[in-house]
Amino acid sequence: MNTLKVAVLTLALPLLGANTAAAAMTCGTSDALQGVTHVKPLQETFNVGKAELTRRAGARLFIPAEAGMSVPYLQRQLNCRVQTAGGGQNDPLSVPKVKATVSAAGEYFVVDLRASTLADAKEVQRRSELLLQGK
């Protein structure tokens, strides 16, 4: 019976226009990309026959680790931003079909923003660099 209630509620939220509001309530108001200190192109290597090719896949962002921040927390914040269409027209997370992956590397969190097409990868890179210019 509880499963039925959850299913009905899940189906009803988009109809009520509450999907974005519900996601925003569970995501909090943290700007996950606020502390970006540098951006690099994200390259992807793949094989075609015997040839090894590299293509641009998006952007790699570096965020200094802070007290209280963790990989799962940052991943959740980024996933929420992607689901709620990011933070505007210059937000790299609002590029269609972008995927964010967080890992830890020394004193930094590394955020890989992977796009599905070359054009989107270039746009993710451009928008990511704008994060640095806003400082």
Side-chain angles (χ1 to χ4, degrees):
M1 177 130 170
N2 288 339
T3 306
L4 180 59
K5 288 180 185 178
V6 171
V8 170
L9 182 59
T10 303
L11 293 172
L13 281 176
L15 297 175
L16 298 174
N19 197 19
T20 303
M25 287 187 334
T26 60
C27 292
T29 58
S30 172
D31 186 1
L33 298 179
Q34 179 179 341
V36 174
T37 58
H38 54 284
V39 175
K40 292 183 178 180
L42 180 63
Q43 301 291 331
E44 194 171 62
T45 304
F46 59 99
N47 294 325
V48 176
K50 293 183 179 181
E52 186 172 280
L53 304 174
T54 303
R55 74 170 187 99
R56 182 182 295 191
R60 178 167 282 170
L61 288 61
F62 295 85
I63 302 172
E66 295 178 5
M69 196 180 255
S70 65
V71 170
Y73 174 79
L74 188 55
Q75 183 70 59
R76 180 174 168 266
Q77 293 297 315
L78 294 173
N79 290 344
C80 285
R81 285 263 301 270
V82 168
Q83 290 174 359
T84 58
Q89 67 182 15
N90 285 325
D91 186 353
L93 295 172
S94 63
V95 173
K97 297 182 183 176
V98 70
K99 302 241 186 283
T101 306
V102 181
S103 60
E107 299 175 0
Y108 290 93
F109 291 108
V110 179
V111 178
D112 288 342
L113 300 179
R114 192 173 306 275
S116 57
T117 66
L118 179 59
D120 286 345
K122 289 179 180 179
E123 183 62 14
V124 166
Q125 177 72 27
R126 184 190 72 77
R127 293 182 187 194
S128 295
E129 289 172 356
L130 289 175
L131 293 172
L132 296 175
Q133 294 174 6
K135 292 186 173 210

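All values derive from a computational prediction rather than experimental measurement.
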CD-CZ distance between Gln77 and Arg81, expressed to the nearest 0.5 angstrom: 9.0 Å
From CG (Leu61) to CD (Glu129), nearest 0.5 Å: 9.5 Å
Heavy-atom pair with the smallest gap, counting every atom of Glu66 and Phe109: N-CE1, 4.4 Å
Thr45 and Glu52: CA distance, side-chain angles, deciding distance, side-chain contact (heavy atoms from CB on, under 4.5 Å) verdict: CA-CA 7 Å; Thr45 304; Glu52 186 172 280; 3.2 Å; yes
Heavy-atom pair of closest approach, residues Ala121 and Ala57: CB-C, 3.5 Å
Inter-residue atom distance Arg55.CZ - Thr117.OG1, 0.5 Å rounding: 8.0 Å
Common cluster, Leu78/Tyr73, ILVMFWY with side-chain heavy-atom separation under 4.5 Å: yes
Note, Thr37 side chain near Pro64 side chain (heavy atom, < 4.5 Å): yes
Val98/Val82 under side-chain contact (heavy atoms from CB on, under 4.5 Å): CA gap, chis, key distance, verdict: CA-CA 7 Å; Val98 70; Val82 168; 4.2 Å; yes
Criterion side-chain contact (heavy atoms from CB on, under 4.5 Å) on Leu113 and Leu42, from CA distance to verdict: CA-CA 8 Å; Leu113 300 179; Leu42 180 63; over 6 Å; no
Same cluster (ILVMFWY, side-chain, under 4.5 Å), Val124 and Val110: no
Whether Arg127 side chain and Asp91 backbone form a donor-acceptor pair below 3.5 Å: yes
Within one Ile-Leu-Val-Met-Phe-Trp-Tyr cluster: Leu132 and Phe62, side-chain cutoff 4.5 Å: no
Val71 reachable from Leu93 in the ILVMFWY side-chain graph, under 4.5 Å edges: yes
Atom pair NE2/CZ of His38 and Arg60 - distance to nearest 0.5 Å: 10.5 Å
Exercise: do Gln75 and Asn79 side chains pair donor with acceptor under 3.5 Å: yes
Any Asn90 side-chain heavy atom under 4.5 Å of Arg126 side chain: yes
Nearest-0.5 Å distance, CG of residue Asn47 to CG of residue Leu53: 8.0 Å
Residue pair Leu74 / Val111, side-chain heavy-atom distance below 4.5 Å: yes
